[in-house]
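Because only heavy atoms are used, hydrogens play no part in the values below, and waters and symmetry mates are left out as well, while side chains stay in. In this chain, residues are counted from 1 in sequence order. We count ligands from 1, going down the list as the structure has it; atoms in each ligand are counted the same way.
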Amino acid sequence: MTERTLIIGNKNYSSWSMRPWLLMKQANWSFSEIRIPLMTDEMPALMAQHSSSRKVPVLKEQGDQAQEIEIWDSLAICEYINECCEGQFWPKDPTLRAMGRSAVSEMHSGFFALRGELPMNMRKTFSGFTPSDAAQKEIDRISSLWQQLLTASGGPWLLGDFSIADAFYAPVVSRFITYQVDLPEACQAYCQQVEQLEAYQEWKAAACDESEVIQVAEVEAH
Ligand SMILES: N[C@@H](CCC(=O)N[C@@H](CS)C(=O)NCC(=O)O)C(=O)O
């Protein structure tokens, strides 16, 4: 029997941690969690204890015989989950799969204005938040990308069935809800669908129970 532990940050703020956590729930895996509160005095020692890269998320697996393995980086963990699930979390169609991988890579390596200005903060909602031009351009890009994927796949998830792409964009959905971002109808419907996902609700409920406050992530409406 494989024992799995996912090392994560605060559920309210850690968008990178949310991605593999959601996918593991969608895969129906049972796993334990170790939560490292980010930007606290205890963080460095806990990172040293649990994460070779000193970042979260990290997945640790211990089989019956095998040595413990450590997989770090949200994308590498999601790819590993997909491989363990016989490719369930990428579409079979190579063109759609390539589009999905492009969308996930774009999220993994970009959207810096969105990340900086609209940090994930699941406990809050703001009305009257105005994104900068740079953040608005990224919001527009994400809207058109989601619509392109939903049209190409036929939905209801970005690539048809729930995939790594949905796990990667779920924290963006959370940001759009927190900062009440104006979106086209198809994107609003997609956000609602993600919000209703049982695993998303479970993560959010735990985020709302957390008490730590990371001041730099507490953006006020402007
Ligand atoms: N590319 C990495 C980024 C991981 C990352 O930056 N994690 C943040 C938390 S959301 C972290 O561990 N920060 C702690 C630090 O940098 O000291 C991934 O996708 O897993």
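- Scanning the protein for heavy atoms near atom 14 (C) of ligand 1, the closest one is Met47 CE, 3.9 Å.
- Given atom 10 (S) of ligand 1, the protein heavy atom at minimum distance is Trp16 CD1, 2.8 Å.
- Using modelled atom types, one finds no donor on one side chain facing an acceptor on the other under 3.5 Å when comparing Glu212 with Thr40.
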Margin query: Would His108 and Trp16 count as a ring pair (Phe, Tyr, Trp, His ring centres under 6.0 Å) here? Give the steps.
Written below: CA-CA 9 Å; His108 205 39; Trp16 308 91; 5.7 Å; yes

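- Among the atoms of Ser74, some N or O lies under 3.5 angstrom from an N or O of ligand 1.
- Nearest heavy-atom pair across His50 and Val58 is O-CG1, 4.2 Å.
- For atom 15 (C) of ligand 1, the nearest non-hydrogen atom of the protein is Lys55 NZ, 3.8 Å.
- No heavy atom of Gly9 sits closer than 4.0 Å to any atom of ligand 1.
- Looking from atom 13 (N) of ligand 1 to the surrounding protein, the closest heavy atom is Leu38 CD2, 4.3 Å.
- A donor-acceptor pair is defined here as one N or O able to donate and one able to accept, closer than 3.5 Å; such a pair exists between the side chain of Glu117 and the backbone of Ser132.
- Remark: the Tyr190 side chain and the Asp166 side chain contain an N/O donor-acceptor pair separated by less than 3.5 Å.
- Considering backbone and side-chain N/O of Val56, one or more are found under 3.5 Å from N/O of ligand 1.
- Residue-ligand proximity: Ser17 is placed with every non-hydrogen atom at 4.0 Å or more from ligand 1.
- For Ser14 (side chain) and Asn10 (main-chain N/O), no donor-acceptor pair under 3.5 Å exists by modelled atom type.
- For the residue pair Tyr13 and Arg123, a side-chain donor N or O sits within less than 3.5 Å of a side-chain acceptor on the partner.
- Counting only heavy atoms of the protein, atom 1 (N) of ligand 1 lies nearest to Asp73 OD2, 3.0 Å.
- The closest approach between a heavy atom of Met43 and any atom of ligand 1 is below 4.0 Å.
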